[in-house]
Amino acid sequence: MAKATFRAPRGTRDMLPEDLVLIQHLERTARSVAVSSGFAEIRTPFFEETRLFTRSLGETSDVVSKEMFTVPSRAAGGEDGGNSYTFRPEGTASVARAYVNGGYAAKAPLQKWYYLGPMFRYERPQKGRERQFTQFGVEAFGAASPLLDAEVVDLAVRFFEALGFGSELEVRVNTMGDPEDRDRWRERLKDYFRPQLATRCADCQDRFERNVFRLLDCKVPACVEANQGAPALAEVLGPEASAHHEGFLAALRALGREPVIDPSIVRGLDYYTRTVFEVHYPPLGARSALCGGGRYDGLVEEFGGQPTPGVGFAVGFTATELALQELGLPPAQDLADLEAELRPQVYVAAVSEDERGPALALASELRRAGVRPVVLDYRGKSLKAQLKEAGKSGAAFTVVLGADEVSTGTAVLRDMQAGEESSLPQPELAAQILRSASTTS
RNA sequence: GUGGGCAUAGCUCAGUUGGUUAGAGCACCAGAUUGUGGUUCUGGGGGUCGCGGGUUCAAAUCCCGUUGCCCACCCCA
């Protein structure tokens, strides 16, 4: 242990083969759910010009102000124009930029895309939070209809359902209104809170300038009480944004996703307009939030594109993995099926050194015939040790090759579970193994 | 950025009021008569007790510092 002088950087981890069983299951589920709703994959660079994020997420957002992994410019005025780059802390900004650069506004405005990959935030790691984490997200551009908002929410919920989450899944929604509404609301809130600022908690005093909306979901009892008379967004919400919100709620109900209206959902990023939502799973307790998203109608325009509405969400896999673990998902049987992919189907054992070559050739032959995976020993283990290793590997069969078998072109096929073995011609091995595999699974 | 907890073999942990060559279980490797696994038995490899100082005749065990990890807050996926 003392010799391990290097380790994965703080807040990162190695995803070892055995860990990937679950992670790949998440990835496959995400892709399958997204594709079934007509979302196509998009991949953008892992890093972008820093300004892309400061512009879209907001200078004062926590992400921008203290959580960015930024690489300073290496050549002022050189090929990178003196720009600094930042490893993406989220996916929406990059995807919106790609939409603009791809010229979709003119040629095919309606685009439904999904992405899956690593994101980076320079934060203090803790349970369910890492500096490098995987996010699955979808973005739909080119339509302002609240039906699309509802479809995106439905997709998020279906992802969790496909993973085995139960009917307790909860869709919590709110609206941030249009930018003008939000500006008006912000001023109203500041006017309301300013006089009582001295009596608020330290966090609230700090949040006042950074993001007033946050004072609304403070958990300190005195603050909660002081929030009672705070002006509501409804008081300043424009008729269009209001109609959109109603349409969104109606569409959710049509989908059978009864929304829980939660005014405390405010989201930390500047680009959100109108719809904001989170999917929660109350059985998880304090860490019940599984994903979040919303509408960002001004973002594409902000990046220099034609005014184009957009809506999307993102799920962090770190929290999802934790949730699955707490809920005992996937079920043992499903997990066993997933892990089966790591288990060899056949182990080819050589009795003595003389059969090492023929064993290698036979293994290759079996692989070509479609048996998979086929493994064997390379470390000069005794037959006994090879059998032991075969048993430990979980291989369904072991093929034993000795001098007699080599001379007669046969092989001993041992069924590891039953402990029975039979001798048969080598050309018949593959068929026998594959037949047995298809009847057991 | 703030607060708290923990650091002993690959893993999970014991190590009594500081005292001889630091232990267990699991894992790993090799054997138990001649070409065979999963049970059992025997043996073996593996630790500068996170690191650096200090106290002491003597420290894994006490004190200080340092680093790392974990948890919570802020915030968020």
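Numbers restart at 1 for each chain; the letters A, B, ... are given by sequence-line order, proteins then strands. This structure is a prediction, so every number in the text was calculated from the model and none was measured.
Put simply, CG on A:Asp404 is 11 Å from P on B:rG35, counting in whole angstrom units. Atom CZ of A:Phe208 is separated from atom P of B:rC75 by 16 Å (rounded to the nearest Å). Rounding to whole angstrom units, CG of residue A:Leu16 and P of B:rG10 are separated by 16 Å. Taking atom CD of A:Glu130 as the reference point, atom C1' of B:rC71 lies 15 Å away to the nearest angstrom. In this entry the distance linking CD of A:Gln135 with P of B:rA77 reads 7 Å, nearest Å. If you measure from atom OH of A:Tyr122 to atom C1' of B:rC75, you get 16 Å, rounded to the nearest angstrom. When the P atom of B:rC69 is taken as reference, atom CZ of A:Arg124 falls 10 Å away, rounded to whole Å. In this structure, the CG atom of A:Asp62 is 11 Å from the P atom of B:rA77, given to the nearest Å.
With respect to A:Arg13 and A:Glu321, a salt bridge is recorded, a charged nitrogen being found less than 4.0 Å from a carboxylate O. The existence of a salt bridge linking A:Arg267 and A:Glu90 is excluded, since no basic side-chain nitrogen approaches an acidic carboxylate oxygen closer than 4.0 Å. Salt bridge status for A:Lys190 with A:Glu209: present, with a side-chain N to carboxylate O gap under 4.0 Å.
At the heavy-atom level, A:Val400 lies under 4.0 Å from base atoms of the strands shown. Note on A:Arg10: only backbone sugar-phosphate atoms sit closer than 4.0 angstrom, heavy atoms only; bases stay farther off. A:Gly419 comes within 4.0 angstrom of a nucleotide base, judged by non-hydrogen atoms across all strands. A:Arg121 comes within 4.0 angstrom of a nucleotide base, judged by non-hydrogen atoms across all strands.
Between B:rC70 and B:rG31, the distance separating the two C1' atoms is 43 Å to the nearest Å. Using atom P as the reference point in both B:rU16 and B:rC6, the two lie 16 Å apart (nearest Å). For the P atoms, the distance linking B:rG50 with B:rA14 amounts to 14 Å, nearest Å. Atom name C1', nucleotides B:rC51 and B:rU67: the rounded distance is 7 Å, in whole Å. With both ends at atom P, the span from B:rC57 to B:rU17 equals 22 Å, rounded to whole Å. Only the P atoms considered, B:rU20 is 31 Å distant from B:rG5, to the nearest whole Å. Taking atom P on both B:rC28 and B:rA58, the two are 43 Å apart, rounded to the nearest angstrom.
B:rC26: Watson-Crick or G-U partner is B:rG10, with both key distances under 3.5 Å. Across every strand in view, B:rC62 sits in a pair with B:rG54 that passes the Watson-Crick or G-U test at under 3.5 angstrom. Here B:rG1 sits opposite B:rC73 as a Watson-Crick or G-U wobble pair (both hydrogen-bonding atom distances under 3.5 Å).
Near RNA chain B, meaning a heavy atom under 4.0 Å from it, residues 377-393 of chain A has A:Lys381, A:Leu383, A:Leu387, A:Lys388, A:Gly391, A:Lys392 in order of number.
Between A:Phe69 and A:Tyr122, the distance from one ring center to the other falls under 6.0 angstrom. Between A:Phe160 and A:Tyr281, the ring centre distance reaches or exceeds 6.0 Å.
Both A:Glu278 and A:Arg129 lie near RNA chain B, and the one whose nearest nucleotide falls closer to the 5' end is A:Arg129. With the nearest nucleotide of RNA chain B identified for both A:Gln417 and A:Pro125, A:Gln417 has the one nearer the 5' end.
When each of B:rC73, B:rU36, B:rC75 is scored by its nearest atom to the side-chain atoms of A:Gln126, the top-ranked nucleotide is B:rC73. For A:Leu269, whose side chain is taken as the heavy atoms from C-beta onward, the closest listed nucleotide among B:rA77, B:rU36, B:rC74 is B:rA77. When distances are taken from the side chain of A:Met416 to each of B:rG37, B:rA77, B:rC75, the shortest belongs to B:rG37.
Put simply, the side chain of A:Arg7 and the base of B:rG68 share no donor and acceptor less than 3.5 Å apart.
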